[in-house]
Protein chains: 2
Amino acid sequence: MKTNQSQFALMGLLSLGEMSGYDLKQLSEWSVGHFWREGYGQIYPSLKRLAVDGMVKKRTERNAGRPERIVYTLTAAGKKALQAWLKVRAEPEVPRSELLLKVFFGGLTDADTVTEHIERKLTACEKELEELKATRARVEREGGRHPQKPFWLMTLSYGEYMAKAQEEWCKDMLKELKKITKSR
Amino acid sequence: MKTNQSQFALMGLLSLGEMSGYDLKQLSEWSVGHFWREGYGQIYPSLKRLAVDGMVKKRTERNAGRPERIVYTLTAAGKKALQAWLKVRAEPEVPRSELLLKVFFGGLTDADTVTEHIERKLTACEKELEELKATRARVEREGGRHPQKPFWLMTLSYGEYMAKAQEEWCKDMLKELKKITKSR
DNA sequence: CGTAGCATGTAAGTTGTTACATGATTCG
DNA sequence: CGAATCATGTAACAACTTACATGCTACG
């Protein structure tokens, strides 16, 4: 059996304050976006289900001249369930890397193709590092002295460690590939 | 639309030689296992579909006193499709980390819970590094001077870079957490 | 007047996971 | 004689993605 992790992610965000589905998407993008992503197609149905299960409470906000908002609040039951989930050990992640698959079977095409794949990855890593930097600045700015801030920074660190390691790998492999291409 | 990546993973492995579904599972575990995992529930139906699509050809092997084997061979059409796929740029991965989610919302429980999560992760990283070491040795031994060997080693490097970076992150965060716990 | 942002959702399709089901042989 | 390994598969479910569908406001 699987615990529906998307739902807990949403509940976690709702623990920071009441929000609409739209808000959740916006907030998730920069806060947990580098390790967890949800689309609207996942968010709206999940919220409905959470409401049915009594984990969240919904309230409709009618604002003159703007679209209606449905604001969700985490209930006491929801908070309890969330805290219980936080204590359960995380399942090991199932790895799935299309890029590595294409590197692994790279010998079936030419080394140039593999080089291109890795160059693209390198660019992506650099972009990722930029984004993490911006997010870190934003957390420092907006996070104030929120008690959970140290934990937020830890996940940011994770992203930075990974992106840097990937960047290094890319650079090293590009060197390798040059050697291979030359020796042919 | 999505290109079915599982199928290409299987086709890639079949490019190394004809194999049964069972063989594919065994080979995949140590060869691409650290970045790609398939279960039988995925393998057998995929092979059937690949056969229908003419990407692979099947042949039944009857061995006295042992279970029947269905051996699959990559067809010319299959190889062509595989090579075409190898040239298509890899989609950026969708990140999903239950661990980081539990760290991010760690403030909702106690710091000890987060510490436990990270300690478990650290152990997993060390185990992973051991396995990668063993795999590297195995590739060196069994890979001979296979032309694709350099590419195989690149994916192994990736695993090593990542596992080491994760290990480091865990250690650094455990130090951080000690500081947090003490200051309370 | 067009585009971007705010705001909510559904439907269909694909994938992936888990549990179930079977049965022979070999090794300790 | 029990466990592990070889060997193949199905059914049910859960999850995820994508495309579709709508409509208002603010801004340039």
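None of these values were measured; they are calculated from a predicted model. Residue numbers begin at 1 in each chain, while the letters A, B, ... track the order of the sequences.
In this structure, the side chain of A/Q5 does not engage the main chain of B/E98 through any donor-acceptor pair within 3.5 Å.
One atom, CD1 of B/I43, and another, P of C/dG16, lie 12 Å apart when rounded to the nearest Å. For the pair B/L47 CG and D/dT10 P, the computed distance is 12 Å after rounding to whole Å. Straight-line distance from the CD atom of A/E38 to the C1' atom of D/dA14: 14 Å, rounded to whole Å. If you take CG of A/D23 and P of C/dG9, they are 13 Å apart, rounded to a whole angstrom. Rounded to an integer number of Å, the gap from A/E91 CD to C/dT18 C1' is 13 Å. Look at CG on A/L50: it is 16 Å from C1' on C/dG9, rounded to the nearest Å. As a whole-Å value, the separation of A/Y44 OH from D/dT17 P is 17 Å. Per the geometry, NZ belonging to B/K25 stands 10 Å off P belonging to C/dT17, to the nearest Å.
Taking the six-membered ring for Trp and thresholds of 30 and 60 degrees, A/W152 and A/H146 have ring planes inclined between 30 and 60 degrees apart.
Candidate nucleotides C/dT15, C/dT10, C/dT8 were compared by shortest atom distance to the side chain of A/Y40, and C/dT8 ranks first. When each of C/dG9, D/dC6, D/dA15 is scored by its nearest atom to the side-chain atoms of B/Q26, the top-ranked nucleotide is D/dC6. Distance from the side chain of B/Y22 is smallest for D/dT8 among the nucleotides D/dT8, C/dG9, D/dA15. Checking C/dT8, D/dG9, D/dA15 against the side-chain heavy atoms of A/Q42 singles out D/dA15 as nearest. Comparing D/dC16, D/dG9, C/dG9 against the side chain of B/R96 picks out D/dC16 as the nearest. Residue B/S20 places its side chain closer to D/dT8 than to any other of D/dG9, D/dT8, C/dG9.
Summarising the local packing, NZ of A/K87 is surrounded by more than 12 heavy atoms from other residues, nucleotides or ligands at distances under 6.0 Å. The 12-atom threshold is exceeded at NZ of B/K149, counting heavy atoms of other residues, nucleotides or ligands nearer than 6.0 Å.
The phosphate of C/dG16 has OP1 or OP2 within less than 4.0 Å of a side-chain N or O from B/S6. Note on A/N4: a side-chain N or O is less than 4.0 Å away from OP1 or OP2 of D/dA15.
Nucleic acid contact class of A/E68 (heavy atoms, under 4.0 Å, all strands): sugar-phosphate only. In this structure, B/G21 reaches the sugar-phosphate backbone alone: every heavy-atom distance under 4.0 Å involves primed, P, OP1 or OP2 atoms, never a base. Counting non-hydrogen atoms under 4.0 angstrom, B/R49 reaches the backbone sugars and phosphates but no base.
With DNA chain D read from its 5' end, the first of the two nearest nucleotides for A/G41 and B/G41 is the one closest to B/G41.
When all heavy atoms are compared, the tightest approach of A/G33 to B/P95 is O-CG, 4.0 Å.
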